[in-house]
Amino acid sequence: MVRRRVALALAVALVSLSAAVLAQETATERDAGRGVLEKIDVLERSLDVPNIVSRLTGPNDSRDRVVARAKELMDKELLTMADDIATHPEIGFEEKRTVQKLTDYLKQHDFDVQIGVAGLPTAFVAKYKRSSGAPTLGVILEYDALRGTRGPFHGDQHSAQGPVGMAAAIAVAEGLSQTQTPGSVVVYGTPGEEIMPPNAKTVMHQAHVFDGADIIVRSHSMSTTSRPRAGFGSCCRNTVGARYTFAGAPAILSAGWNGRNALEAVIHFFENVDSVRSSIRPEALIQGVIVEGGTTPGVVPDRTVADFSIRYPDEVYLQQVVEFVDNAAKAAALSTGTKVKIDHDGKELDGVSVATLNELAFAYLKKFGATNVLPAPGHPEGFEETGSVSRDIPGASIAAQSSTAPHHTYEMDADNLTNVGHRGFTIDAETMAAILFDFATHADYRGAVKKEFDGVKSLFGEYQSALKKAYQTPVVPDPK
Ligand SMILES: [Zn+2]
């Protein structure tokens, strides 16, 4: 019986009723944010991004040499390394072999390497020794594999991000050094993108690892070639990762009234969440799994644990959703005589995206031959998933098509080793090298990026205030 109930609870798939995935895509967000979105439009028009892009992507021998060097590194050594990492997958915070490979290569190419930054053993920072001064160009490398029932696998192609980012960083660093152009190149190794806690990038940011970077780029797998529009947003809705730990008291099953059943509590918790869905806006995604459900049917389980991912398109209403889920857990504990501990142990929130970087990257992606190109810009999103770094430092996530399959699949993993993967990774490296080079060598371009980033960022508070007004909670009177 108990076992059957565990199986049932584990099988409860708590999914949203809606597939809306875009920030500022709900009618409420669009209405509340109208004034802010108009101000972003005015800012964009004042920058004349198409003109900037056509100027920078024109003929430029020095840039072409840097791009060619990035391609050469990919062709000669780094695609082989990407294949090797893809076939030796390591899950988040256990990426020791991968970090060794990446940092060895960086050392061979004149980078000073520090492994184990911000208290994370598989996080690292590497600085190029032969160039210095402003601006500081940052490149984020990710390398964790997904956890799967068949073992770790690189179904999100993070295996290639290290080699791609290194090709761009080395090519640009060498180019600046050879031409005695000022500019520093820093590579950040950020572990565990796929799991929290902790949010590695947030932890590293709070430890001031990214301080001083004027721009940060990274690559990521995609089945299309696209770019976000300017504004605030997140790839995958704003998210709170939460852990609910229930404590009961053990007793022999035949006299269960002498104990308090933590398994009954966690099952109630899931039922409570499901029972209030009609009171929650349909764009919410609330998904939970029971990671500890007891050890034996002979004893009343005195400890259970459920992990939840709670998502909403914006972080303002997300707080209300989180409160519903927390209260569902508290109610379950109250009704079963158990206790619950709630940890909100990770957040992924809106970042800032800027057209000056994303449109330039998109133009280079096309120029270098990226495939399956989506003509219209997508919703705004920060260049990294936590929103912490991408709120403070301008950047871009570079994504040429590198697979024909959706994210987090065995098919995308297989594409790591095929032509579509190799071609996409090489174009990513060339594009990253090109935009970093342009950023380092054009002061007016840096000024435009900064103006846009500061302008968009300054409107974020106004947007959130407007949302707070839009999401009023109903007045519930005391019962008489
Ligand atoms: Zn990923």
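Counting convention: from 1, in listed order, for ligands and their atoms alike. Residue numbers run from 1 in the order of the sequence given.
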(message) Using the Zn ion (ligand 1) as the vertex, how large is the angle between NE2 of H220 and NE2 of H158, rounded to 10 degrees?
(response) 100°
(message) If you take the centroid of each ring, where Trp contributes its six-membered ring, are H220 and H407 closer together than 6.0 Å?
(response) yes
(request) Measure the acute angle between the ring planes of F308 and Y244, then classify it against the limits of 30° and 60° as parallel, tilted or perpendicular. (result) perpendicular
(message) Can you confirm whether K457 is buried at NZ, in the sense that more than 12 heavy atoms of other residues, nucleotides or ligands lie under 6.0 Å from that atom?
(response) yes
(request) Report yes or no: does D156 have an N/O/S atom closer than 2.8 Å to the Zn ion (ligand 1)? (result) yes
(request) Return yes when at least one N/O/S atom of H407 is nearer than 2.8 Å to the Zn ion (ligand 1), and no when none is. (result) no
(message) Within 45 degrees of the ring normal and closer than 6.0 Å to the centroid, is that where the cationic atom of R227 sits relative to F362?
(response) yes
